[in-house]
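Inspection log for the structure reproduced underneath, given as structure tokens.
All of these numbers come straight from a predicted model, not from anything done at the bench. In what follows, chains carry the letters A, B, and so on, assigned in the order in which the sequence lines appear, proteins first and then strands, with residues in each chain numbered from 1.
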Protein chains: 2
Amino acid sequence: MATMKDVARDAGVSIYTVSATLSGSANVSAELRARVTESVSRLGYERNSTARGLKRGTSSLLGLIVSDVTNPYFTELVEHIQDKAHQTGYSVLLGISDHDVDREAELLALMRSHQAAGTILCPAGGEEDYADGRLSRGRMRLIAVDNTAPGLGVDTVCLDNRVAADLAVSHLLELGHHRIGVVAGMRQQYVSRERLAGRDAALARAGIASDPELVTYGDFRLEEGHACGRALLTLASPPTAIFVANNLMLIGVMRALAEAGVRVPDDMSVCSIDDFPWAPAFQPALTVVRQPIAAMAEAAFERLVERLGGDDGPATARDFAPELVVRRSCASIGNG
Amino acid sequence: MATMKDVARDAGVSIYTVSATLSGSANVSAELRARVTESVSRLGYERNSTARGLKRGTSSLLGLIVSDVTNPYFTELVEHIQDKAHQTGYSVLLGISDHDVDREAELLALMRSHQAAGTILCPAGGEEDYADGRLSRGRMRLIAVDNTAPGLGVDTVCLDNRVAADLAVSHLLELGHHRIGVVAGMRQQYVSRERLAGRDAALARAGIASDPELVTYGDFRLEEGHACGRALLTLASPPTAIFVANNLMLIGVMRALAEAGVRVPDDMSVCSIDDFPWAPAFQPALTVVRQPIAAMAEAAFERLVERLGGDDGPATARDFAPELVVRRSCASIGNG
DNA sequence: GTGAAAGCGCTAACAG
DNA sequence: CTGTTAGCGCTTTCAC
């Protein structure tokens with residue numbers, strides 16, 4: 001592969017002129033600039049980002065760590081972040097934590113090691129996991145998306161999870177449901193607790209006591225959603241509706257329901273958080289609370305860019321408003 | 001951030017000893033090794049991959065270029081490759097070509113620029129796009145997955161696309177369907193042409209002439225699948241079954257069918273290539289031809305590792321056998 | 001078994 | 001406006 005030195009020799013200029021030309025510096029005469037660009041394309045020269053990164057102490061790499069790419073929420077997030085990164089001249093180093101905080105820590109170290117300018121992280125853990133300050137190591141900028149922990153000291157971009165759950169449960173309540181099963185996420189995660197809190201708020205407002213046996217806990221993955229759905233179905237007094245905390249567990253619940261011959265929404269109403277491309281194509285089309293993923297991805301990215309631009313202000317937190325998308329998976333209890 | 005020099009000073013050894021220890025060289029006494037490891041953890045030292053990459057002329061980065069992460073096939077591929085990479089000490093630099101060969105070329109240059117040891121590419125183009133040899137630039141090793149072009153001179157890992165389409169169409173034929181609509185992929189792609197050829201083979205074997213108006217072309221994305229589905233429905237003499245070339249277009253077709261009030265499988269049988277997590281949860285559960293994605297990802301990865309290990313043999317091509325997964329979206333024509 | 005030292009390809013401060 | 005030069009942090013040959 002040709003190096004800058006080769007280009008300089010070929011163009012009959014100094015190595016500085018080549019570097020300056022490639023970086024778009026104004027201090028190069030039009031003539032030399034032309035000679036350089038010509039040599040560059042003739043030699044098929046491509047700048048070595050590794051050397052550049054070493055010298056500059058930072059690279060054009062951006063870390064992106066999600067817990068599970070196969071979850072459509074994260075998939076879409078990856079898509080949007082990738083898109084913004086490309087537009088801005090960054091590349092994305094992708095990490096998958098698989099919901100494991102140790103793996104996540106490894107990945108963060110990796111991003112630092114590759115001199116990533118910043119990293120967008122969907123944290124897998126809860127407050128205690130981050131108490132050791134692992135998120136603020138080194139000088140790599142970090143933005144937390146989706147999940148967070150209070151007092152983390154990191155910029156965050158989240159859904160307003162309380163409102164989201166409240167929206168879903170209130171919808172069910174309005175349809176006349178009183179016994180609403182819950183498939184919640186992992187207890188240690190702030191996002192799970194917030195969603196549970198939103199559900200409690202809706203119940204409290206309706207004057208309904210929360211029956212603990214109606215609350216099951218999964219890990220945001222399909223299999224446990226399936227198990228939770230089954231557990232709810234085998235209750236002595238099963239619910240008439242189920243609120244599911246995320247998309248993947250929703251699919252699991254739908255499978256459990258189908259296997260048990262429970263019809264939706266006739267026998268059971270179902271509402272979850274997270275919209276996804278297949279939700280409207282289901283029979284019945286699924287009623288969900290949608291997260292504005294594109295806007296959230298953009299906000300996270302913009303914040304990161306601000307930080308990279310030198311912003312050293314205190315950590316900010318942005319909450320995004322969820323939206324109830326009514327389709328056909330929830331029916332009023334009389335119509336069951 | 002601490003550097004190797006800092007560690008050396010702290011441990012009272014030379015910089016060489018630190019480097020050798022970190023690289024697991026045998027030429028370090030147990031005592032010095034211990035002192036080094038201790039200093040490393042005390043200082044929180046993390047090796048700078050950028051400097052390492054510059055010096056070594058290659059990095060622990062692996063490029064992975066897919067055309068669309070939101071396609072579950074690619075999502076799962078990303079998941080598996082990522083997994084293998086992690087196990088082997090590599091990190092994944094993700095690129096999304098968005099089905100654009102120019103973008104793809106940019107991404108390839110990017111991977112080279114970051115000294116990626118190798119790249120796994122799901123090519124977006126056809127033979128003529130790669131005639132300029134753009135795939136063999138530099139010394140970065142390349143493996144093509146999913147799509148390819150004959151005579152590319154690159155190792156490939158693909159589905160046996162002819163057999164896959166043949167399997168799907170034969171299934172429909174056996175159920176008594178004669179007018180089988182087709183939603184094919186982009187014409188310039190080899191993978192599309194192969195799938196079409198497989199369908200032709202099945203038809204020929206059954207002694208059925210191919211009606212050109214039954215063949216529509218999409219771009220492997222949902223929207224065009226939707227449009228193709230609609231087009232097929234509005235034919236003067238519509239098909240009784242539809243064979244769809246991939247998962248995303250299948251969703252589009254299902255939507256079009258639902259909108260038109262066409263019941264599956266009662267009024268229309270549907271079969272596609274690509275299984276995905278939601279296929280069994282659909283009403284009706286979808287009959288598909290499954291690609292062994294995990295095995296394909298593994299094969300691609302292994303091949304890349306072989307190449308990185310110095311294998312300089314001629315390009316190899318591996319075809320994987322598809323599997324028909326019969327669920328409930330295809331019915332015999334009499335039962336319609 | 002250990003250390004010293006020469007760069008990898010590039011950027012940017014300094015000189016002219 | 002252009003060239004020279006000193007490293008960035010690391011690996012690795014060559015001496016000891």
Between [options], which nucleotide has the shortest distance from any of its atoms to the side chain of [X]?
{"X": "Y16(A)", "options": "dG1(C), dC10(C), dT2(D)", "value": "dT2(D)"}
{"X": "S14(A)", "options": "dG3(D), dG9(C), dT2(C)", "value": "dG3(D)"}
{"X": "R47(A)", "options": "dC10(D), dT11(C), dT2(D)", "value": "dT11(C)"}
{"X": "V28(A)", "options": "dT2(D), dT11(D), dC10(C)", "value": "dT2(D)"}

Quick check: does any side chain N or O of [X] sit under 3.5 Å from a backbone N or O of [Y], one acting as donor and the other as acceptor?
{"X": "T3(B)", "Y": "K5(B)", "answer": "yes"}
{"X": "N147(A)", "Y": "P123(A)", "answer": "yes"}
{"X": "T37(A)", "Y": "A34(A)", "answer": "yes"}

Does [N] have its OP1 or OP2 closer than 4.0 Å to a side-chain nitrogen or oxygen of [X]?
{"X": "T17(A)", "N": "dT2(D)", "result": "no"}
{"X": "T50(A)", "N": "dC8(C)", "result": "no"}
{"X": "R56(A)", "N": "dT11(C)", "result": "no"}

What is the separation between atom [atom1] on [X] and atom [atom2] on [N], rounded to the nearest whole Å?
{"X": "I15(B)", "N": "dC14(D)", "atom1": "CD1", "atom2": "P", "answer": "19 Å"}
{"X": "L54(A)", "N": "dG7(C)", "atom1": "CG", "atom2": "C1'", "answer": "12 Å"}
{"X": "H114(A)", "N": "dC8(D)", "atom1": "NE2", "atom2": "P", "answer": "21 Å"}
{"X": "L32(B)", "N": "dG3(C)", "atom1": "CG", "atom2": "P", "answer": "6 Å"}
{"X": "E31(A)", "N": "dC1(D)", "atom1": "CD", "atom2": "C1'", "answer": "12 Å"}
{"X": "R35(B)", "N": "dT2(C)", "atom1": "CZ", "atom2": "C1'", "answer": "11 Å"}
{"X": "M1(A)", "N": "dC10(C)", "atom1": "CE", "atom2": "P", "answer": "10 Å"}
{"X": "E46(B)", "N": "dC8(D)", "atom1": "CD", "atom2": "P", "answer": "20 Å"}

Nearest-nucleotide 5' precedence on DNA chain C, S49(A) against A30(B): A30(B)
The answer to which of M4(A) and S29(B) contacts DNA chain C further toward the 5' end, by nearest nucleotide, is S29(B)
So do L93(B) and L61(A) actually touch side chain to side chain, heavy atoms under 4.5 Å? yes
Does K55(B) make a side-chain donor-acceptor contact with the base of dG9(D), cut-off 3.5 Å? no
Scan T3(B) against the nucleic acid and name what it touches under 4.0 Å (heavy atoms): base, sugar-phosphate only, or nothing. sugar-phosphate
For H99(B) and F220(B), take the angle between the two ring planes, folded into 0 to 90°, and tell me which bin it lands in: parallel under 30, tilted 30 to 60, perpendicular over 60.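 Rings of H99(B) and F220(B): parallel, as their planes differ by under 30°.
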